Amino acid sequence: MAPAPAIAVALLTFACCGLAVAADKAPIKWLRANATFYGGADAAGTMGGACGYDNLYSAGYGTRTAALSTVLFDDGASCGQCYKIACDRKRADPAFCRPGVTVTVTATNLCPPNDALPNDNGGWCNLPRPHFDMAQPAWEKIGVYKGGIIPVMYQRVPCVKKGGVRFRMLGHDYFNLVTVMNVAGAGSIKFMDIKSSDSNDWLPMSRNWGANWQSGTYLTGKMLSFRVTITDGQTIEFKNVVTGGWKFGQTFASKLQFK
């Protein structure tokens, strides 16, 4: 039988470790915001947008999307991020709230400020307000149409996507503009590099706007690889994902995806 002091030490160690595990699994905090909707019942009016995804169906986002207010959009750095949203039944009119339901949306657009209107009466996306202008089909999962605007609770969550990351080639010679789409995990891009098949050097790219990254090197028609780091630190090399002889406007789907 173990001596009493040894048992006490073992129990203390277990208690400490248990507390550490509990701290690691602390729930993500829910934050307050408000939400409106746009784009029509079929979300056709949400296509395009300030992230540059263009057709949200072919880009992998569908109707579960939202435009973020300026404070959340972060000059496009938040493009592709995912948010779980629920109607805040403690603040909402119960006639317009669907309690107990959440919907997860991807950030695909900017909800611009309207400084001509007060923040609490039409200027919903003005600084410093956190606000989601959601695709109507997504909004109606948590709100009743006649309400128009509802208070919500939200939290950032990992993105879950079908298939691999996609790359759309835009721009022209000496100006390669690459739209990165259908990104799982953190959803948003932190760094990106490009390499042609006739070189061993990775060339850094820079964010042009939204989810569009640029390079000023002549790479037209060359087989290309990308090295992408998302905002949670994961990095994947997409080797030769763009085939030789490509044309501007083409989209290339990889078989690789972030976790």
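Keep in mind the model is a prediction, meaning the values are calculated, not measured.
At a threshold of 4.5 Å between side-chain heavy atoms, the hydrophobic network of Ile, Leu, Val, Met, Phe, Trp and Tyr places M153 and V71 in two separate groups. Cluster annotation: M192 is connected to W246 through the hydrophobic network of ILVMFWY side chains, with a link wherever side-chain heavy atoms come within less than 4.5 Å. Under a hydrophobic clustering in which Ile, Leu, Val, Met, Phe, Trp and Tyr are joined whenever their side-chain heavy atoms come within less than 4.5 Å, directly or via other members, V241 and F248 fall into the same cluster. Linking ILVMFWY residues whenever their side-chain heavy atoms come closer than 4.5 Å, directly or via other members, places L127 and L31 in the same cluster. Linking ILVMFWY residues whenever their side-chain heavy atoms come closer than 4.5 Å, directly or via other members, leaves V228 and M181 in distinct clusters.
Between A135 and T46, the shortest heavy-atom contact is CB-CG2, 3.9 Å. Among all heavy-atom pairs drawn from Y83 and A107, the shortest one is CE1-CB, 4.3 Å. When all heavy atoms of F73 and C79 are compared, the pair lying nearest together is CE1-SG, 3.7 Å. Taking all atoms of both residues into account, the shortest heavy-atom contact from N126 to L117 is ND2-O, 3.1 Å. In this structure, E237 and L256 approach most closely via the heavy-atom pair O-CD1, 3.5 Å. Closest non-hydrogen pair, P99 versus R89, comes out as CB-CD, 4.0 Å.
One N or O on the side chain of Q250 and one on the backbone of K247 form a donor-acceptor pair closer than 3.5 Å. Between the side chain of Q257 and the backbone N or O of G163 there is at least one donor-acceptor pair closer than 3.5 Å. The backbone N or O of S196 lies less than 3.5 Å from no partner atom in the side chain of S199, so there is not a single donor-acceptor pair. Judged by distance alone, with hydrogens and angles left aside, the side-chain atoms of R166 form no donor-acceptor pair with the main-chain N or O of F252 at under 3.5 Å. No donor-acceptor distance shorter than 3.5 angstrom exists from the side chain of D74 to the backbone of A77, with no hydrogens or angles considered. Side chain of W139 to main chain of A35: a donor-acceptor pair is present (N/O by atom type, distance under 3.5 Å, no hydrogens or angles).
Here the side chains of D193 and L203 are not in contact, with every heavy-atom distance at 4.5 Å or above. Two residues are said to be in side-chain contact when any heavy atoms from C-beta on lie closer than 4.5 Å; H131 and T36 meet this criterion. Counting heavy atoms from C-beta outward, I189 and T229 have side chains that stay 4.5 Å or more apart. You'll find the side chain of D54 reaches within 4.5 Å of the side chain of R168, heavy atoms only. Side-chain contact check for W30 versus K84: some heavy-atom pair is nearer than 4.5 Å.
Enclosure of atom CZ in R207 by more than 12 non-hydrogen atoms of other residues, nucleotides or ligands within 6.0 angstrom is indicated. Around CG of D232, the count of heavy atoms belonging to other residues, nucleotides or ligands within 6.0 Å exceeds 12.
Note on K222 versus D198: salt bridge recorded, some NZ/NE/NH1/NH2 to OD/OE distance being below 4.0 Å.
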Side chains of residues 170-177: which donor-acceptor pairs under 3.5 Å do they make with residues two or more places apart or in other chains?
residue	atom	partner	partner atom	Å
D173	OD1	T220	OG1	2.5
N176	ND2	S215	O	3.4
N176	ND2	T217	O	2.6

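The CZ atom of F132 lies 10.5 Å from the CG atom of N34; values are rounded to the nearest 0.5 Å. Rounding to the nearest 0.5 Å gives a distance of 10.0 Å between CZ of R98 and SG of C87. For the atom pair OG (S69) and CG (D133), the distance works out to 10.0 Å, reported to the nearest 0.5 Å. The CG atom of L68 sits 6.0 Å away from the OG atom of S78 when rounded to the nearest 0.5 Å. Taking CD of Q155 as the reference point, atom OG1 of T104 lies at 8.5 Å (rounded to 0.5 Å). Rounded to the nearest 0.5 angstrom, F226 CZ and W202 CH2 are separated by 9.0 Å.
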Give the intermediate values and the outcome of side-chain hydrogen bond (donor to acceptor under 3.5 Å, both in side chains) for residues T102 and K141.
CA-CA 7 Å; T102 64; K141 292 292 183 181; over 6 Å; no
Test N109 against Y53 for side-chain hydrogen bond (donor to acceptor under 3.5 Å, both in side chains), laying out the working first.
CA-CA 9 Å; N109 201 357; Y53 296 125; over 6 Å; no
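Aromatic rings from F96 and Y145 are positioned such that their centres are separated by 6.0 Å or more.
In summary, the side chains of N182 and Y61 do not present any donor paired with an acceptor at a separation below 3.5 Å, with no hydrogens or angles considered.
When each of V152, T65, V105 is checked for a side-chain contact (heavy atoms from CB on, under 4.5 Å) with M134, only V105 meets the rule.
Aromatic ring pairs are classed by plane angle as parallel below 30°, tilted from 30° to 60° and perpendicular above 60°; the pair F167 and F238 is perpendicular.
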